[in-house]
Amino acid sequence: MILGIAGLRHLASIRAEVAAGGPGFNSGDGMAAGRIPAIDLARAGALLAMAVFHVGRDLDVMGVTAPGSSFTPAWQWSARLIAGSFVFLAGVSLWLGHGRGLRRGPFLRRLGMLLAAAALVSLATWATFPAQWVRFGILHSIALSSVIGLAFLRVPAWGCVGAGAAMVWIGSTVAVDLPTVLQVVIGLGRDVPAMMDWEPVFPWTGPFLLGLGVAKAMDPAGWWDRLRGRPAGPGWDRLGWPGRHSLAVYLVHQPMIVGTILAWQRLAS
């Protein structure tokens with residue numbers, strides 16, 4: 001998940017009305033008036049966990065800590081859980097933004113921003129790590145999952161959850177021979193090129209549909225109306241700030257971490 005900085009000011013200006021942006025990004029909570037701070041806080045927590053993971057991974061890759069220290073099973077599972085949380089929240093946000101009817105303009109604007117950011121990630125990693133550049137990372141995954149998710153907006157909650165669980169199971173157990181391009185996007189292949197970040201449709205659209213189904217199940221009971229505007233207060237507002245600008249934070253966090261480590265190494269030498 002190594003990213004670029006271009007377009008930061010524009011990305012940071014994306015507000016809640018632009019639905020379900022970047023890794024769970026900027027929810028567009030459009031089903032009723034008012035934000036849901038709990039979603040912002042959940043995104044902020046996922047961003048913090050991601051930053052902690054990348055600090056450990058970067059220290060390992062840059063030779064500061066013992067080689068392989070961030071490639072243990074525990075670290076690998078934490079990476080999957082963190083990525084899954086972003087994708088799940090993106091599914092929740094699709095329902096909050098479009099559950100009462102697709103708002104075409106906001107959806108297309110958000111999709112365009114995601115595709116532009118995904119292309120930026122691919123170009124930046126191709127220029128810096130050509131052997132492992134990101135062909136289909138988490139931004140690509142959420143963009144495609146958002147389009148797939150439109151077909152599930154009128155599917156019952158249990159159908160979304162069932163389809164999501166099936167995609168996770170299939171992606172974790174099935175391996176077939178596919179052309180390389182299909183392997184990269186769909187998954188399920190036996191011989192996938194090395195990539196720094198890879199979240200294909202199987203299994204990663206699964207958590208997206210799980211989030212969509214859970215959000216849909218919560219709606220008839222009025223849970224989203226109860227959560228709207230809560231928790232409130234300037235302290236919660238500050239804590240939720242990263243979650244309101246999660247795409248911009250996502251794009252700049254790795255350059256900031258790497259730059260800080262390099263500066264520390266230079267000062268310490």
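Numbers here simply count residues along the sequence, with the first being 1.
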Decide yes or no for Val92 and Leu94: does some side-chain heavy atom of the first lie under 4.5 Å from some side-chain heavy atom of the second? no
With distance as the sole test, does His54 use its side chain to make a donor-acceptor pair with the main-chain N or O of Gln254 at under 3.5 Å? no
Has the side chain of Arg154 got a donor or acceptor atom that lies under 3.5 Å from a matching backbone atom of Phe152? no
Looking at Met256, I want to see if its CE is surrounded by more than 12 non-hydrogen atoms of other residues, nucleotides or ligands under 6.0 Å. no
Could you give the distance from CG (Leu47) to OH (Tyr250), rounded to the nearest 0.5 Å? 10.0 Å
Tightest non-hydrogen contact, residues Ala51 and Ile257, listed as O-CD1, 3.8 Å
Main-chain N/O of Gly259 paired to Trp264 side chain as donor or acceptor, under 3.5 Å: no
Less than 4.5 Å apart, side chain to side chain, heavy atoms only: is that true for Ile142 and Ile138? yes
Would one find more than 12 heavy atoms of other residues, nucleotides or ligands at under 6.0 Å from atom CZ of Arg190? yes
Using atom types as modelled and distance alone, determine if a side-chain donor or acceptor of Arg57 lies under 3.5 Å from a backbone N or O of Trp75. no
ILVMFWY cluster membership beyond Leu41 - transitive side-chain contacts under 4.5 angstrom: Trp236, Leu239
Do Lys216 side-chain atoms and Gly211 backbone N/O form a donor-acceptor pair below 3.5 Å? no
Are any side-chain N or O atoms of Gln183 and backbone N or O atoms of Asp191, one a donor and one an acceptor, separated by less than 3.5 Å? yes
Compute whether any side-chain donor of one residue and acceptor of the other, for Arg43 and Ser85, lie under 3.5 angstrom apart. no
If you group Ile, Leu, Val, Met, Phe, Trp and Tyr by side-chain heavy-atom gaps below 4.5 Å, do Leu108 and Ile148 land in one group? yes
Mind checking whether Leu59 and Ile261 have side chains closer than 4.5 Å, heavy atoms only? yes
Do other residues, nucleotides or ligands put more than 12 heavy atoms under 6.0 Å from the CZ atom of Arg226? yes
Do the side chains of His98 and Arg103 get nearer than 4.5 Å, heavy atoms only? yes
Does any non-hydrogen side-chain atom of Leu212 lie less than 4.5 Å from one of Leu209? yes
For Gly137 and Val134, which heavy atoms make the closest approach, and how far apart are they? N-CG1, 3.4 Å
Nearest 0.5 Å please: distance from the CG atom of Leu153 over to the CZ atom of Arg100. 13.5 Å
Should the pair Arg110 and Phe107 be classed as cation-pi, given the thresholds of under 6.0 Å to the six-membered ring centre and 45° from the axis? yes
Which value, rounded to the nearest 0.5 Å, describes the distance between Arg35 atom CZ and Asp237 atom CG? 9.0 Å
Rounded to the nearest 0.5 angstrom, the CG-CD1 distance for Leu96 and Ile36 is 4.5 Å
Go through the steps to decide whether Leu144 and Thr205 satisfy the test side chain to side chain contact (heavy atoms under 4.5 Å, CB included), and finish with yes or no. CA-CA 8 Å; Leu144 182 54; Thr205 297; 5.8 Å; no
If you define the side chain from C-beta out and look only at heavy atoms, does anything of Ile170 sit under 4.5 Å from Met167? no
Look only at the side chain of His245 and the backbone of Pro242, and say whether a donor-acceptor pair between them is shorter than 3.5 Å. no
Taken to the nearest 0.5 Å, the spacing of Met50 CE from His253 NE2 works out to 4.0 Å
Work out which heavy atom in Ser141 is nearest to a heavy atom in Trp204; give both atom names and the distance. OG-CB, 3.7 Å
Is Trp77 linked to Phe71 within one hydrophobic cluster, defined over Ile, Leu, Val, Met, Phe, Trp and Tyr using a side-chain heavy-atom separation of less than 4.5 Å? no
Interatomic distance, Phe88 atom CZ to Ser145 atom OG [nearest 0.5 angstrom]: 13.5 Å
